[in-house]
Amino acid sequence: MRLERSLPLLALLLCGAVCDVPFPSPWPNKEFLVEISGTTVTITCPLPEDSVNWEISGTKAESTERKFIIENHNSSPLNVSCSSGSKKSEMYLKARVCTNCEELDALTVTGIIAADLLITLGVLILVYYFSKHRKGKAGAGAGSRPRGQKMQRPPPVPNPDYEPIRKGQREVYAGLEPRGF
């Protein structure tokens with residue numbers, strides 16, 4: 001069946017769009033770990049040392065731990081750097097935070113998408129089933145005529161402005177000859 005081949009592909013697409021898959025960095029072991037929860041942003045320095053100096057947008061921070069916590073972040077972009085001795089790692093942080101956001105895990109989002117697809121498929125099947133039986137029936141639409149004896153229409157009422165040309169009356173229309181340009 002074709003469905004058996006497409007299910008793993010669908011799962012891969014859904015997981016790739018929803019799952020937390022880290023992208024490889026061109027510099028191994030130099031990735032900051034950023035966690036966002038509500039308005040709190042937690043940044044973990046990629047340097048292996050336990051004592052680190054933090055610098056946020058040009059100002060030194062008081063923390064010397066590997067994890068730096070920014071509470072009540074206002075979604076403004078920041079330049080963040082951590083250093084230990086001669087080693088220094090920098091990053092540009094542009095994190096959007098909100099106070100009343102709901103956090104969803106990958107399983108919940110996958111369940112919502114799957115339920116939406118199943119409901120949509122069910123509605124399509126119902127519409128197809130009920131519309132299939134209506135094809136042969138003729139309804140009284142706006143353009144339908146009543147069946148029965150065909151009635152003859154009376155001739156149209158003549159308009160005095162547009163009279164047909166009759167024999168012997170060509171001089172009335174003689175002034176309407178085509179002109180050459």
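Applying the 4.5 Å side-chain rule to ILVMFWY residues, one finds L121 in the same cluster as I125.
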Run the side-chain contact (heavy atoms from CB on, under 4.5 Å) test on F68 and I56 for me, step by step, so that the C-alpha distance in whole Å, both residues' side-chain angles and the decisive distance to 0.1 Å come before the verdict. CA-CA 10 Å; F68 184 72; I56 310 293; 3.6 Å; yes
For V41 and V97, run side-chain contact (heavy atoms from CB on, under 4.5 Å): C-alpha distance rounded to whole Å, both residues' side-chain angles, the deciding distance at 0.1 Å, then the answer. CA-CA 8 Å; V41 179; V97 297; 4.0 Å; yes
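The structure places CD1 of I112 at 12.0 Å from CG of L117, a figure rounded to the nearest 0.5 Å. The NE2 atom of H73 sits 9.5 Å away from the OG1 atom of T39 when rounded to the nearest 0.5 Å. With rounding to the nearest 0.5 Å, the separation of CD1 in I113 from CG in L118 is 12.0 Å. L78 CG to S57 OG: the interatomic distance, rounded to the nearest 0.5 Å, is 4.5 Å. Here C82 contributes atom SG and K67 contributes atom NZ; the two are 14.0 Å apart, rounded to the nearest 0.5 Å. Taken from CG in N72 to OG1 in T40, the straight-line distance is 6.5 Å, to the nearest 0.5 Å.
A 6.0 Å sphere centred on OH of Y129 holds no more than 12 heavy atoms belonging to other residues, nucleotides or ligands. Around the CD atom of E65, the shell of radius 6.0 Å holds no more than 12 heavy atoms that belong to other residues, nucleotides or ligands.
Side-chain contact between M91 and V34 is present, with heavy atoms from C-beta onward closer than 4.5 Å. Under the 4.5 Å side-chain criterion, counting only non-hydrogen atoms from C-beta, C98 is not in contact with S75.
Between the side chain of R66 and the backbone N or O of L47 there is at least one donor-acceptor pair closer than 3.5 Å. Within the 3.5 Å criterion, the main-chain N or O of C45 finds no donor-acceptor partner in the side chain of W54. Remark: side-chain polar atoms of S131 are paired, donor with acceptor, to backbone N or O of V127 under 3.5 angstrom.
In terms of the salt bridge (Lys or Arg N to Asp or Glu O under 4.0 Å) criterion, residue partners of E90 (sequence neighbours excluded) are, by chain and number, K88.
Nearest heavy atoms, S89 versus F32: O-CZ, 3.5 Å.
No chain of hydrophobic side-chain contacts below 4.5 Å, direct or via other Ile, Leu, Val, Met, Phe, Trp or Tyr residues, connects L33 to L93.
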